[in-house]
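A short worksheet on the structure shown next.
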Amino acid sequence: MTPSKSITIRFPDGTERPFAKDGLLSDLLDQAKPSWKETPVAFKINGALMGLGQRLSDVPLAADSVAVEPVFFSSPEGQEIYRHSSAHIMAQAVKELFPNVKLAIGPPIEDGFYYDFDLGRPFTPEDLEKIEQRMKKIAADHHVFKRKVLSKQDALRFFEEQGETYKLELIRELPEDEIVTVYEQGPFTDLCRGPHVFSTRHVAAFKLLTAAGAYWRGDERNPMLQRIYGTSFPTQEALDAHLKRLEEIKRRDHRRLGKDLDLYNVMDEIGPGLVIWHPKGALIRKLIEDFWREQHLRHGYDFVCSPHIARLDLWKRSGHLDFYRENMYAPMSIDGIDYELKPMNCPFHIMIYKTHLRSYRDLPLRFAELGTVYRYERSGVLHGLLRVRGFTQDDAHLFCRPDQIEQEILKVLDLTVFTLKTFGFDDYEIYVSTRPEKSVGSTEHWERATAALESALKTKDMAYRIDPGEGVFYGPKIDLKIKDVLGRAWQCTTVQVDFNLPERFNLSYIGEDGKEHQPIMIHRALMGSIERFFGVLIEHYAGAFPLWLAPVQVKVLPITDQQHAYAQDVAGALIRAGFRVETDLRNEKVGLKIREAEKAKTPYMVVLGAREVQGQKLSVRKRNGENIGELEIPSFIERINNEVLNKST
RNA sequence: GCCGGCGUAGCUCAGUGGUAGAGCAGCUGAUUCGUAAUCAGCAGGUCGGUGGUUCAAUCCCACUCGCCGGCUCCA
């Protein structure tokens with residue numbers, strides 16, 4: 001090998017070796033194999049992601065050495081490549097089984113992949129079975145993913161011949177001089193930027209999960225395609241573990257737990273998206289609300305209350321009628337005047353602000369309300385407690401001077417973090433949503449408001465992403481999406497800076513200079529809505545609420561009716577100490593009583609038999625099966641008192 | 001709203017063109033029992049709703065309501 005044709009490659013661990021400049025990256029597998037625990041799905045060459053089927057010389061090689069980094073499935077990039085290749089295998093299988101199908105797009109997603117097809121009819125479960133079988137065959141056939149570079153014209157011609165109209169649409173949108181890459185695996189070729197794993201055989205374990213309709217390019221004016229979701233892993237064990245996790249998610253579904261634990265219900269007879277809270281759910285809600293009220297009193301908020309309906313004119317003035325109408329219910333006429341059910345609380349709080357002449361010394365004013373609002377949600381989007389039509393926001397509107405905005409946002413962020421932490425959430429994603437198409441106000445106002453939000457997040461060192469065009473019609477917002485124990489994200493907290501409603505309602509305060517100035521409003525909800533927050537909370541705890549939130553904290557279980565009197569004494573002592581206690585006096589075996597207390601996820605069970613009566617003690621068992629042993633009543637009370645005060649999770 | 005699936009007892013689910021079953025829960029009785037199910041008996045449903053086909057519909061068809069999985073949209 002002459003020096004001009006060879007180059008030194010450097011691996012991240014510092015080892016170096018010569019390699020042919022035009023060598024296939026797949027050859028690296030053999031050369032370095034012993035030091036890798038798993039097979040790389042791709043390589044990074046001087047930082048550029050490359051498939052194993054590519055040559056080293058596909059990237060410009062200026063120096064006489066080059067950095068080569070293996071990309072494994074265990075990395076996010078590796079998973080994307082792996083799932084993307086899986087999607088191609090599925091597309092090949094579908095194309096072979098249904099030759100008339102047209103291909104749309106097939107990207108990797110978190111935990112898997114999908115591919116959209118235009119088949120003219122939906123896929124049946126039997127279809128999915130057949131497709132999966134065919135995929136197994138394709139994987140076993142060991143087709144190498146071959147990358148090919150085409151001119152735009154050649155690519156258009158190729159997919160024209162294939163009748164792939166969706167691919168043509170994608171290619172046509174590329175710039176004229178752009179090169180187009182396709183990947184070929186055996187008889188199947190797909191438009192694709194790549195990279196891919198080396199061969200179909202690398203995709204070892206996969207499963208097709210569901211088929212569902214999806215609009216072409218996500219636009220409901222476009223035709224509906226048929227989407228198949230699937231997932232894949234390098235080993236059957238990893239796939240099985242993932243499927244098990246899906247089962248776990250199902251087990252923790254708040255709709256199932258809500259029923260099992262008798263917390264709430266949504267019934268036909270009442271209407272979709274309208275929640276009734278059963279006694280146990282309502283009790284937890286009360287505890288959440290008590291905590292919320294206490295914190296807001298401590299943090300300088302004033303509580304206000306407002307009605308559920310208001311004159312149409314109010315909503316006209318606020319802009320809701322122009323910009324929010326599709327989420328509002330039809331007006332009702334009362335004594336010849338139109339009224340609207342409220343979708344938001346802000347106009348009411350604004351009207352409270354306007355009842356006095358305000359001084360700069362009064363600001364900031366913080367009006368808080370657990371305000372129940374009603375929004376029309378399209379029938380297909382309703383989902384348990386997480387998406388409903390009537391819900392209660394833990395809402396507040398802060399009226400402040402321009403020089404107070406940032407300070408107020410910082411305080412809101414602090415209170416948010418504290419609140420979420422109290423409920424066991426310490427992992428969230430933060431987004432700043434900017435001006436949407438349908439919105440009110442000047443560009444300047446929007447820019448100032450957005451800058452204030454970003455600046456506060458930077459001060460707090462909270463990492464965030466921009467969500468373009470996702471703001472509310474009157475202002476930009478910070479959204480916190482809570483990540484639950486399973487890593488799923490739910491949008492709850494929202495903080496919105498608003499220059500526009502104060503203007504529309506002509507709000508003012510008298511400044512130091514004796515002149516009128518316009519206050520700025522901050523709309524904020526920390527938990528978002530009690531319904532959604534509760535839904536997330538149920539799943540987060542899998543229904544096993546911490547002691548301070550558990551609807552029944554202690555269950556007293558006498559073994560025979562010989563202990564009933566003592567059981568009632570014990571229960572009385574616990575109730576007097578402020579605990580929520582139930583006593584199970586049924587003529588049943590203690591095993592059954594324990595089983596039912598376990599199923600209800602009661603934190604503490606107190607078993608009372610002859611021994612306990614004799615020693616005037618309690619046998620304490622936790623719901624995780626842990627046996628605390630015998631305690632005196634006062635020491636048990638002390639123990640659970642501390643647990644409640646600490647709000648231990 | 002759109003695409004598909006589903007709707008049988010309070011809950012979880014079987015089932016059939018000839019007007020329905022199981023387990024759990026409920027009720028009654030027996031059992032007095034030590035850390036996740038004691039036994040027996042009883043009762044419980046116009047098979048989501050409306051219309052159609054048929055001698056006959058819970059089953060087939062149409063419409064409708066709701067739920068589930070996605071799409072789109074949001075706290």
Side-chain angles (χ1 to χ4, degrees), chain A residues 114 116 121-125 209-229 250 253 255-256 259-260 262 265-273 324 326-327 343-344 371 373 375-395 433 470 472 477 479-482 490-494 496 523-533 535-536 557-564 587-600 605-612 619-629:
Chain A
Y114 68 80
D116 285 347
R121 67 160 179 89
F123 289 104
T124 63
L209 299 169
T210 52
Y215 301 108
W216 167 234
R217 314 200 114 184
D219 189 325
E220 61 187 348
R221 289 164 301 193
N222 286 339
M224 182 159 275
L225 307 173
Q226 297 303 320
R227 174 172 300 179
I228 301 177
Y229 285 91
K250 233 165 129 183
D253 192 311
R255 292 165 301 185
R256 166 168 291 279
K259 201 169 266 179
D260 288 351
D262 198 14
N265 208 353
V266 180
M267 8 184 12
D268 293 11
E269 293 89 330
I270 295 169
Y324 207 70
E326 63 229 36
N327 288 292
M344 293 191 195
V373 297
R375 299 182 185 173
Y376 171 70
E377 299 287 353
R378 301 208 282 181
S379 62
V381 308
L382 300 172
H383 183 92
L385 290 176
L386 300 178
R387 193 77 180 274
V388 293
R389 285 182 173 159
F391 56 97
T392 301
Q393 294 182 300
D394 65 320
D395 209 0
S433 300
E470 293 301 315
V472 202
K477 58 177 182 168
D479 285 328
L480 261 70
K481 296 188 183 180
I482 299 177
W490 308 93
Q491 192 197 318
C492 293
T493 308
T494 182
Q496 307 162 356
H523 309 236
R524 44 113 285 187
L526 306 188
M527 297 182 282
S529 84
I530 306 285
E531 283 74 7
R532 175 173 290 179
F533 192 75
V536 176
L557 312 176
I559 290 174
T560 73
D561 52 16
Q562 297 299 302
Q563 293 87 37
H564 280 192
N587 180 9
E588 295 289 354
K589 288 183 153 181
V590 75
L592 182 85
K593 295 180 182 181
I594 286 172
R595 176 181 155 81
E596 294 191 353
E598 283 283 349
K599 287 209 321 189
M605 284 154 249
V606 166
V607 178
L608 304 176
R611 258 196 338 258
E612 286 77 11
S619 277
V620 181
R621 180 191 198 279
K622 291 180 80 166
R623 66 182 157 204
N624 60 9
E626 187 188 340
N627 201 336
I628 308 285

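Within every chain, numbering begins at 1; the chains are lettered A, B, ... in the order of the sequence lines, protein sequences first and strands thereafter. Because only heavy atoms are used, hydrogens play no part in the values below, and waters and symmetry mates are left out as well, while side chains stay in. These figures come from a predicted structure and were not determined experimentally.
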Inset, instruction - Mark yes or no for a side-chain to base donor-acceptor pair under 3.5 Å between A/Y215 and B/G1, with no hydrogen or angle criteria applied. - result: yes
Inset, instruction - Please state whether the base of B/C3 and the side chain of A/R121 form at least one donor-acceptor pair under 3.5 Å? - result: no
Legend entry - B/U32 phosphate, OP1 or OP2, under 4.0 Å from A/H564 side-chain N/O: no
Inset, instruction - Can you sort out the partners of A/F123 under side chain to side chain contact (heavy atoms under 4.5 Å, CB included), two or more places apart, ordered by chain and number? - result: A/V94, A/F98, A/F117, A/L119, A/D127, A/L128, A/I131, A/A211, A/Q226, A/I228
Inset, instruction - Quickly work out the A/W216 CH2 to B/G70 C1' distance and round it to whole Å. - result: 18 Å
Legend entry - N or O in side chain of A/Y229 less than 4.0 angstrom from B/C71 OP1/OP2: yes
Legend entry - Under the salt bridge (charged side-chain N to carboxylate O under 4.0 Å, His left out) test, residues paired with A/R611 that sit two or more places apart: A/E630
Inset, instruction - Tell whether A/E612 reaches the base of B/G34 with its side chain through a donor-acceptor pair below 3.5 angstrom. - result: yes
Inset, instruction - Answer yes or no: does a side-chain N or O of A/R375 lie under 4.0 Å from OP1 or OP2 of B/C73? - result: no
Inset, instruction - Would you write the dot-bracket representation of RNA chain B, where each base gets (, ), [, ], | or . depending on whether it forms a Watson-Crick or G-U pair under 3.5 Å and with which partner? - result: (((((((..((((....[..)))).(((((.......))))).....(((((..]....))))))))))))....
Legend entry - For A/E220, all residues meeting salt bridge (charged side-chain N to carboxylate O under 4.0 Å, His left out), sequence neighbours excluded: A/R378
Inset, instruction - Report yes if a donor N or O on one partner sits less than 3.5 Å from an acceptor N or O on the other, where the partners are the side chain of A/R595 and the base of B/U35; otherwise report no. - result: no
Inset, instruction - Please name all residues satisfying side chain to side chain contact (heavy atoms under 4.5 Å, CB included) with A/M224, sequence neighbours left out, ordered by chain then number. - result: A/Y215
Inset, instruction - Tell me whether the OP1 or OP2 atom of B/C33 has a side-chain N or O from A/K593 closer than 4.0 Å. - result: no
Legend entry - N/O (side chain, A/R255) to phosphate O (OP1/OP2, B/G69) under 4.0 Å: yes
Legend entry - Sequence-distant partners of A/I559, side chain to side chain contact (heavy atoms under 4.5 Å, CB included), two or more places apart: A/Q563, A/V590, A/V607
